Engineer: 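The structure under discussion is supplied below as structure tokens; questions concerning it will follow.
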2 protein chains.
Amino acid sequence: MKITRKGEYAMRALVDLAQNYRKGLRQIQDIVREEEIPGKFLEQILIILKNAGLLQSKRGIGGGYSLNRPPDKISIGEVIRLIDGPLAPLGCVSSGHASCSKEITCGIRSVMVDVENATAEILDRVTLADICNRTKGMAERRAEYQMYYI
Amino acid sequence: MKITRKGEYAMRALVDLAQNYRKGLRQIQDIVREEEIPGKFLEQILIILKNAGLLQSKRGIGGGYSLNRPPDKISIGEVIRLIDGPLAPLGCVSSGHASCSKEITCGIRSVMVDVENATAEILDRVTLADICNRTKGMAERRAEYQMYYI
DNA sequence: GAAATTTCCGATTTGACTTATAGGAATACT
DNA sequence: AGTATTCCTATAAGTCAAATCGGAAATTTC
Ligand code: FES
Ligand code: FES
């Protein structure tokens, strides 16, 4: 599995929206300003997220986006699968397509299934809310650390 | 982390060589025939593996390749890192390069570090010997299963 | 209802990287 | 000498990610 820029932007935008949950609608330009993501590219991404039911949107003046579910009900795994496809690091794991001749009994494949499961274990458990907490926690711990130098 | 064709070919070739460990040298064409890998492409890959110290080679008539270490001393993680680079699914994890503005306290990044560790945990532990055993085990179990239909 | 604002949509470009091929040099055996 | 094999470099071809462009549709404001 490779997370592309697209996937990274999607995550960052969603985290941004999670941090502004229940604070009204947020426009593309707001996110662009805060997260430094190419605007037109982000546009496409948000539409995908919206069509998948993750976001709610409204057009025209005063329009914008907001999460369609609470941040603790959206997992990172869901996002990455939506934008970047299956979590498996090797094609033959997800797509039924044979890669080596003995796909059914392929030891390599079996290891990669383990890897996929391990990453899914993590990514399907961690939600946008968790990420916000992690960021907040790290920032606080960092602030504390800085205190000692005063 | 994305495993490319190159990485897949490398693994398959190494497993092939592991299965023929201590049976003398094995030529590129032998591997090509068995594993259905583009010959000239495999050539480049084997050279990389050789330069990294994983393989031993000999030129000329009767030449070929063989593992330079026992199959249980070569991990899949080592191979993939060599051919396809770092295991992290996100660039900002491995390269020090900042992706989002607050890299140091980035929650996304922290999750991806967890993912990298989880996959490293698996791939650094599984060796070529393990893969051979897995393949063999699955093939045997499959054969048993077939027996019931006779 | 006209104008402004914002999301929505499709096509296209650009560049980078993966994949593969080509041709020959170096080496070792017979 | 001749043959077989690995080694090396360049480059073609193909694929896909990343980004841009131009405009359509909807919504609010005046
Ligand atoms: S089936 Fe994918 S490498 Fe064997
Ligand atoms: S540092 Fe990579 S997404 Fe934040």
Side-chain angles (χ1 to χ4, degrees), chain A residues 1-13 17 24-33 35-68 80 82-86 89-91 95 97 99, chain B residues 1-13 17 24-33 35-68 80 82-86 89-91 95 97 99:
Chain A
M1 177 235 355
K2 157 97 182 298
I3 299 178
T4 64
R5 270 282 144 83
K6 203 168 172 183
E8 186 198 314
Y9 291 158
M11 286 190 283
R12 282 172 41 199
L17 286 167
L25 298 181
R26 199 156 165 75
Q27 297 168 4
I28 290 182
Q29 286 313 315
D30 297 333
I31 303 176
V32 162
R33 228 170 296 130
E35 302 287 338
E36 295 168 16
I37 299 172
K40 274 295 196 177
F41 197 17
L42 179 58
E43 208 176 294
Q44 303 175 56
I45 296 168
L46 293 179
I47 291 174
I48 295 173
L49 295 174
K50 186 227 158 188
N51 289 335
L54 293 177
L55 299 182
Q56 180 181 11
S57 72
K58 195 176 156 194
R59 296 202 247 201
I61 295 171
Y65 294 91
S66 68
L67 291 187
N68 202 20
I80 293 179
L82 177 64
I83 302 290
D84 285 330
L90 210 49
S95 74
H97 296 154
S99 212
Chain B
M1 178 235 354
K2 157 96 180 301
I3 299 178
T4 63
R5 271 283 143 89
K6 203 168 170 181
E8 186 199 313
Y9 291 158
M11 287 189 284
R12 286 180 28 205
L17 286 167
L25 298 181
R26 200 157 164 74
Q27 298 168 3
I28 291 182
Q29 287 313 315
D30 297 333
I31 303 175
V32 162
R33 228 170 295 128
E35 302 288 339
E36 295 168 17
I37 299 173
K40 276 295 199 178
F41 197 18
L42 179 59
E43 207 176 294
Q44 303 175 52
I45 296 169
L46 293 180
I47 291 175
I48 295 174
L49 296 175
K50 187 226 156 187
N51 289 336
L54 293 177
L55 298 182
Q56 181 181 11
S57 71
K58 195 176 154 192
R59 297 202 247 200
I61 297 173
Y65 294 90
S66 69
L67 292 187
N68 202 19
I80 293 179
L82 178 64
I83 302 291
D84 284 331
L90 210 51
S95 75
H97 296 153
S99 210

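All values reported here derive from a predicted model rather than from experimental measurement.
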Engineer: So what does B:Q29 hit on the nucleic acid, given a heavy-atom distance under 4.0 Å: a base, only sugar-phosphate, or nothing?
Structural biologist: nothing

Engineer: Using whole Å, report how far CG of B:L49 lies from P of D:dC7.
Structural biologist: 11 Å

Engineer: Can a side chain N or O of A:S57 be found less than 4.0 Å away from OP1 or OP2 on C:dC8?
Structural biologist: yes

Engineer: Any idea which of C:dC9, D:dT3, C:dG24 is nearest the B:I61 side chain?
Structural biologist: D:dT3

Engineer: Report the distance from atom CD1 of A:I31 to atom C1' of C:dT6, rounded to the nearest whole Å.
Structural biologist: 13 Å

Engineer: Roughly, in whole Å, what's the span from NZ in A:K40 to C1' in D:dA24?
Structural biologist: 11 Å

Engineer: Using a 4.0 Å heavy-atom cut-off across all strands, classify A:I28 as base, sugar-phosphate, or nothing.
Structural biologist: sugar-phosphate

Engineer: State, yes or no, whether a side-chain contact exists between B:I37 and B:I45 at a heavy-atom distance under 4.5 Å.
Structural biologist: no

Engineer: Could you give the CD-to-P distance, from A:Q56 to C:dT7, as a whole number of Å?
Structural biologist: 13 Å

Engineer: If you assign A:R5 and B:G64 each to the DNA chain D nucleotide with the nearest heavy atom, which residue ends up on the more 5' nucleotide?
Structural biologist: B:G64

Engineer: What nucleotide among C:dT7, D:dC7, C:dC9 has an atom nearest to a side-chain atom of A:E43?
Structural biologist: C:dC9

Engineer: Atom OG in A:S57, atom CG in A:L49: separation rounded to 0.5 Å?
Structural biologist: 11.0 Å

Engineer: To the nearest 0.5 Å, what is the distance between CG (B:L55) and CG (B:L67)?
Structural biologist: 6.0 Å

Engineer: Mind calculating the distance between CG (B:L55) and C1' (D:dT5) to the nearest angstrom?
Structural biologist: 15 Å

Engineer: Once rounded to the nearest 0.5 Å, what's the spacing between atom CG of B:L90 and atom CE of A:M11?
Structural biologist: 5.0 Å

Engineer: To the nearest 0.5 Å, what is the distance between CD1 (B:I28) and NZ (B:K40)?
Structural biologist: 8.0 Å

Engineer: How close or far is atom C1' of C:dT7 from atom CG of A:D30, stated in whole angstroms?
Structural biologist: 13 Å

Engineer: Any base atoms under 4.0 Å from B:Q44, or only sugar-phosphate, or nothing? Heavy atoms, all strands.
Structural biologist: base

Engineer: Below the 4.0 Å mark, does C:dT19 have OP1 or OP2 next to a side-chain nitrogen or oxygen of B:Y9?
Structural biologist: no

Engineer: Among the candidates C:dT7, D:dA19, C:dT19, find the nucleotide nearest to the side-chain atoms of B:K6.
Structural biologist: C:dT19

Engineer: Let me know the distance between CD1 of A:I3 and P of D:dA17, rounded to the nearest Å.
Structural biologist: 14 Å

Engineer: Could you work out which one of C:dA20, C:dT7, C:dA4 sits closest to the side chain of B:F41?
Structural biologist: C:dA20

Engineer: Side-chain N or O of B:K50 versus OP1/OP2 of D:dC7: is the shortest distance under 4.0 Å?
Structural biologist: yes

Engineer: Between B:K58 and D:dA4, is there a side-chain N or O to OP1/OP2 distance below 4.0 Å?
Structural biologist: no

Engineer: Look at A:T4 and D:dA18 and indicate whether a side-chain polar atom (N or O) is within less than 4.0 Å of OP1 or OP2.
Structural biologist: yes

Engineer: Return the value, rounded to whole Å, for the distance between atom CD1 of B:I48 and atom C1' of D:dT6.
Structural biologist: 15 Å

Engineer: Out of curiosity, A:R12 CZ to A:L17 CG, how far, rounded to the nearest 0.5 Å?
Structural biologist: 13.0 Å

Engineer: Look at the side chain of A:R59 and the base of C:dT7, then say whether one donor and one acceptor between them are separated by less than 3.5 Å.
Structural biologist: yes

